Every structure is written in structure tokens, then in C-alpha cells.
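In what follows, a single structure is set out as C-alpha cells and then discussed.
Here the structure is a predicted model, which is why all the values come from computation and not from measurement. Order of the sequence lines fixes the chain letters, A, B, ..., with proteins taken first and strands second; residue numbering starts at 1 for each chain.
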Amino acid sequence: MPASGGCDRPCLGRPDKLRASHDQGSVGRENDMTLPFKPQNGPVSLEALRHSVSHIMADAVLRLFPEGKVAIGPSIEHGFYYDFDLPRALTDEDLPVIEAEMRKVVAEAGDFLMSTMTREEASQRLADSGQKYKVELLADIPEGEEITFYNHGTWADLCEGPHVENAKQIRNDAFKLTSVAGAYWRGDSNNAMLQRIYGTAWFSKKDLRLYMDYLEEIKKRDHRRLGRELDLFSLNPDFGAGLVFWHAKLGHVRRQLEQWWWDLHYADNYWPVYTPHVAGESVFEQSGHLENYADMIWAPMLVDNRPHRVKPMNCPGHVTIFNAKRHSYRDLPVRYAELGTVYRYEPSGTLHGMLRVRGFTQDDAHIFCTPEQLADEIVGVLEMVHTILSTFGYEYTAYLATRPEKYLGTDEIWEHALEALKIAAARKELELEDDPGGGVFYGPKIDFKIKDALGREWQGPTVQVDFNLPDRFDIQYNDSDNNLKRPVMVHRAIFGSMERFVGGLIEHFGAWFPLWLCPTPVAVLPITEEQMPAGAELQQRLTAAGFKSVLTANGPLRKRVRESELEKIPYMAVLGGREVEEGKVNLRIHGVKEQKTMSIDDFIQYLTDKRNSKSLDY
RNA sequence: GCCAGAGUAGCUCAGGGGUAGAGCUCUGCUUUCGUAAAGCAGUGGUCACGAGUUCAAAUCUCGUCUCUGGCUCCA
């Protein structure tokens, strides 16, 4: 087998991704910290094991396709991949064949040995074997750095390691190839499309099984699947790709969230505003959105011979309201909030259920304040972030994104804003991870990443300082010294978008929404028609107390219990002769082992308490 | 947008050049039932859409749309 070359050396792309739809940022993290089980340790690290299995796979693939070319093959969270340039497209049917070949390779491979060679030797060797991608990778290795190869059996790969010591450390029943997909060479869409094979590897068969179970659980909770099964939402190609229909039950969830959201904003002295969904194109020219994000804005429509655009952002609208009158320093801070629906043209291949869509509602707010007020305003936002995230049981991490290479504004103003963000975080004892250069060109920000019940990370709230729009729209206030000054503008969103956030909630809770959000919390189940009147009365009491319920005596109780469970109705109120006689209900509560019997009054009080406390259990 | 795969009843899927099938759902009847599936009958499909090949297309070919897995991208 000819030498082929390197793997992940000049680390290209971002090998820390599990699913693009979830990991929306670029912050890497340690392997397997997020799994619901603790993987067994081995003689080397899991990364080294996986990296080694990727070599084994590359060896196996080239045995099957001798004319194939290899690119990079790093370990990633929970597994590994390797990119290939092959004479034909792979399908899922190829995976078992490659796996079988891998088992042969493992049996023959023996020691993993490192060797060094000069740049010239390496270059010659890679060029001779036609491994053009490896030649490029070699060229990227800085002058003076050692050129290392890792070999097993007849395979040699340009690679800096580390690896297992011997292929015996790879268990043939503890790795699995999971999928094939396209991937651009060097992650650049201008480059050739290669074929990437993903796999997972562990030190024990048991860990592999646990991991496969974990994947199964993720699949079961997929919001698209639950959305269909439970009649929560749909998409309709006739209306357009990436446009979400919120069905009745999810409409209820959203309505509860929005009501709460408004309550929190009123408590913090935000004002509600409403802005138009379309605007003359000049607005987005002035805001700079057209210039910077033209590809993301929906095509123009001519109205009265003038091009209009559907809004991709709410900020210009809020600025317009602010600018509609002259503001005194006494007015500040001004806080505008809007559940603003925006439309952005996302490439077709990126659309994904409710998580990546072309029309969505941001829980947007803009704060106009003086530089001196900035830190206080950010404290208020951080407090609301905490209130909201902790209510759902989300853990979160905050990242301070500092000045990027290309930016607007003076050094002083950046320094001041950064300082304000830091002071605010310190006052809330919020630890800030660094995201150097991660700020937007118009200002620094704090981004939150949240971790769901399955340990997956999601893009969370964001609070951004903006030096750009105030200039572009010439925003002013009249200060105490009677000079017109530029206020600072803060953008912030906590849910982000209702679509993405609620899609995430579906998966986080597995559609078992907490009572305060739950669309149908109670199934009233009279055992026979005889208890129907009592059932109807109970349903009325529940409705009066603000709880929706279903009521049916049709069919055997067992069947109705099953159906209620599948509908994810957390409370089953069973009414038999005994209960009716005593004015009680028998309760089967999701996640609670023993059934409870209590009076109707107690039941309603119980539900009310759970709802008012936004309890996470039933 | 790119690479690959897929699209048959509301859902999950089988079938495959000679005018469509199962289970569940739904409707009706029977059953009156104590905590995860009672019985019988019935409704329901231009086989994604458009062209082409053919005596004949759901089936073969091409194009379009949508979805799936990734990649790139996400103010």
C-alpha cells in the first residue's frame, strides 16, 4: 500500500461539530463531556483511539479503491471521520463492506509506528503515490517543524499523532461507521467536494452500544418527528420551504412563553413596539444590511415602482421610532421590545425543521442609553437571561466576544463597551469565557451557549453593543449640557427566535412540556359512560381554572391510558364508581410511580401550584 | 448553494412496464370496560410535479420541487 498522507495535522475545518443545527457556534470542547454515560478508559486517550481507527478506515477504503485519494481524518467528538476523493459515490450500502475490510486491517495492522523524514523525502513520496491533497497539507507544515508519518502494516500516513501503540488496542466490536456525506476540501465551498465517512469508536462494545442508544434517544426526541406525531407544527412546500406552521398545541406553548416574556419585560420597564414587515429598500441601504448581507435578504418587490424588502432585522424599525422625536437625556434609557417576525434567505440545503428556517420571530429588544448607563443596562439583560434559562433547567456558559480584525468605531468606544460588559458580568458573578475576535464588526457582545437535557449545546441568548446603527441613522439625544450626543445602542435577544427556541424545547423536554406550557395537561378518563357526567363536571372545573383537558369514555381504560401517554398528557384523571361517590379523582401522573387519589379541589390546587411555580416536574 | 440518498393513503412502510397493498389513524356498528392496543365493517391514493421513451409508465429516462445526511453559511 502506498504512502498516503496526513490526517488532521494542519487542523482544517472544525472537527468539533456534532450536528450543524445544534452547534451553531465554533467553540470546541472536550470529548464526551456531554454524554449521559461515562465511557471506559483505555491504554491511550479516546482521541488517539479514534484517530487510529480513522487511519484503519482510510487503509481499508484504499484497499477497496486503490485509485482513491485521501485528505484529512481527525478524531471528533464521539468519533472520527476521513475525507476521500473516490472514483464513485459511496452509499450507505458501502459502509458494512468498509467495516468488514477494516476488521481485516485491524487483524493485520500490528504496531502503530512513528517515523520522521525530510520534507523533500515526504514530498517525493506523497507525490509519487499521487496523494495530491497530502502534498498540499505537507506544504502547510511550517518550516522547521518535524515531518512525521504514522505507519501500521503497509499503511503510512502523514500525521502528527498520537495513536494507539498497537492495533490490538482497537476492538473490532467497538467501532462503527455511521454515515457518508459530502465535504469541501479544506472546508471551502470553492474547492472540490470530497466524500466524508463518519464513524464512532470506543474502548468497549458496551460503550458503543450505549452511544448507539444515545443516538436513538436523540432520534426519538427529534422535534420534526415529535412535531408530526403530536401535531405540533408543519411545513408546507406550497407556502414555501422553511416557513413554519404552528399548530394549535404548539400555538398554546408559544402563547404562554410570549405572555411570560411580556410580563418580564414590563417588569423591567421595556415598552412594546410594533414595526412594519416590509420597508423601502433605502432603509436597508442606510442600515448597511443590504451592503453586508445582501445574500440573506429576500428579493425585492416593486410597490409603486419602488423596490421594497421584507425585513431581515427589526433594528431599523426601532431606530425609526426612536428618531421620531427629539430625546432628552432624561428619557434615557429607552427600551423597546418586539416579538418581531423577520425573513432571511437561508440556502435551501441548510433548512432544518424549526431550527433553521426562512421566516422566524425574534424576541428582540433594543436599548438606547448613555455610555454611563451601559453597564447597568447589561446587568438587567443578564438578569433576565438567567431568569429565563434557569426556568427551563438549561445550564449555560457565557462568552465574551471581543474586537474582530475588521471593525467600526474608535478604540476608546470599544474599550468602554468591553469594560461595561465585563463590569456587568462581574456584578452578576457571571464567568465569561473568551471568544477573542468573535465580536461583530459593529461592537462587542456576550453570547450564551445553553446545554440541553441530552448534553447538546445550542446557540443561546446574545447581548450586543452596536456602534454602527447609531451613526448610520444619526441617533441623538440632547444632554444636560444642551449638546446633541450619540446614545449607545444595545441589541439583545434571549429566546433568539421563537422557532428555534421552541424547537429546542421540544427536544429538551422530549415534548413533555412543563405544566405551565403543556397544551393538554389532563386526560379525564371516566371508566364507563356512567361516570361521564362527573367527567364533564371535572373538565369544566379544569377549564375554569385555566387547564385544557380531553374527556373520553370511549373504549377500554387501558387503551385510553395508552393513548394519553402517547399524546404526552402528563395527568390522567381516572373516574370510577368509587371516585365519583367520594368526590375524588384517581391520578396517574407521568414520571410518578404510585397513583394518587385526591379530591377535585386538591387536584386543582395541586395543578395551580405546579403551574404558578413553573415546576419542571409534574 | 454543493455532494449523495429519498418522495406510494393523514402516519409507518411493502410492491414494481399491463390501470394500486398492509398496519395504524379516521368514520360507523357491536363492546361498558379499573391504569400502555376489544371485535367487525367502511372511508381514504393523478404512486411529489412536468416532459420523454413505450401499444401500455407508479415502475425506465431527463428536468423541477420538497425532504433526509453532511459540507459551506447563519447579522
Side-chain angles (χ1 to χ4, degrees), chain A residues 13-14 17-21 24-26 81 83 86 88-94 178-198 222 224-225 228-229 231 234-238 240-242 284 287-289 291-293 295-297 312-315 342 344-353 355-358 360 362 439-443 445 459 462 464 466 468-469 491 493 496-497 500 523 525-532 553-567 572-579 586-589 595:
Chain A
R14 293 211 309 265
K17 282 200 167 184
L18 175 61
R19 288 171 57 183
S21 53
Q24 311 255 341
S26 59
Y81 68 77
D83 288 346
L86 299 175
R88 71 166 174 86
L90 296 173
T91 68
D92 285 347
E93 280 83 67
D94 290 307
T178 49
S179 63
V180 290
Y184 296 112
W185 166 234
R186 291 175 182 267
D188 185 334
S189 56
N190 295 315
N191 289 342
M193 180 66 77
L194 304 174
Q195 298 193 67
R196 176 170 297 176
I197 305 177
Y198 283 96
D222 189 310
R224 294 166 300 178
R225 173 178 176 158
R228 190 177 342 98
E229 287 174 358
D231 191 23
S234 63
L235 299 148
N236 183 304
D238 292 332
F284 301 111
S287 71
H289 292 127
E291 175 188 336
N292 288 302
Y293 309 108
D295 292 349
M296 305 230 50
I297 304 179
M313 298 286 274
N314 300 304
C315 351
V342 297
R344 300 182 186 176
Y345 180 79
E346 300 283 350
S348 59
T350 66
L351 301 175
H352 184 89
L355 302 181
R356 188 74 184 268
V357 295
R358 285 182 176 160
F360 54 96
Q362 293 181 307
V440 200
F441 67 89
Y442 54 69
K445 60 177 178 172
Q459 176 182 291
T462 182
Q464 313 185 344
D466 185 346
N468 180 38
L469 287 186
H491 310 250
S497 93
R500 184 176 282 176
L525 304 176
I527 289 178
T528 71
E529 292 283 352
E530 261 180 68
Q531 291 87 36
M532 244 340 225
N554 192 20
L557 183 63
R558 266 184 312 147
K559 180 177 181 177
R560 288 176 281 146
V561 166
R562 177 185 147 81
E563 283 167 353
S564 303
E565 190 71 20
L566 292 175
E567 286 289 317
M572 296 181 211
V574 176
L575 293 166
R578 284 200 297 278
E579 285 79 13
N586 176 262
L587 290 175
R588 181 186 163 120
I589 303 174
Q595 295 165 26

Could I get a table of every N or O pair under 3.5 Å where one atom is in the protein and the other is in nucleotides 3-13 of chain B?
residue : atom : partner : partner atom : Å
B:rC3   : O2   : A:G182  : N            : 3.4
B:rU12  : OP1  : A:R228  : NH1          : 2.9

Classify the side chain of [X] and the base of [N] as holding, or not holding, a donor-acceptor pair under 3.5 Å.
X	N	result
A:N190	B:rU72	no
A:R344	B:rA75	yes
A:R562	B:rA37	yes
A:R356	B:rC73	yes

Can you name the nearest heavy-atom pair linking A:T350 to A:R356, along with the distance?
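Result for this residue pair: O-CG, 3.0 Å.
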
Which residues satisfy the side-chain hydrogen bond (donor to acceptor under 3.5 Å, both in side chains) test with A:N314, sequence neighbours excluded?
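Partners of A:N314 by the side-chain hydrogen bond (donor to acceptor under 3.5 Å, both in side chains) criterion, ordered by chain and then number, come out as A:K311, A:Q362, A:D364.
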
Identify the nucleotide, in any strand shown, that forms a Watson-Crick or G-U wobble pair with [N], with both distances under 3.5 Å; if there is none, say none.
N	result
B:rA48	B:rU64
B:rC71	B:rG1
B:rU12	B:rA22

Does A:Y345 reach a base, just sugar-phosphate, or nothing at all? Heavy atoms under 4.0 Å.
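A:Y345: backbone/sugar contact only, no base atoms under 4.0 Å.
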
Is A:R88 salt-bridged to A:D94, cutoff N-O under 4.0 Å?
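Answer for the salt bridge query: yes.
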
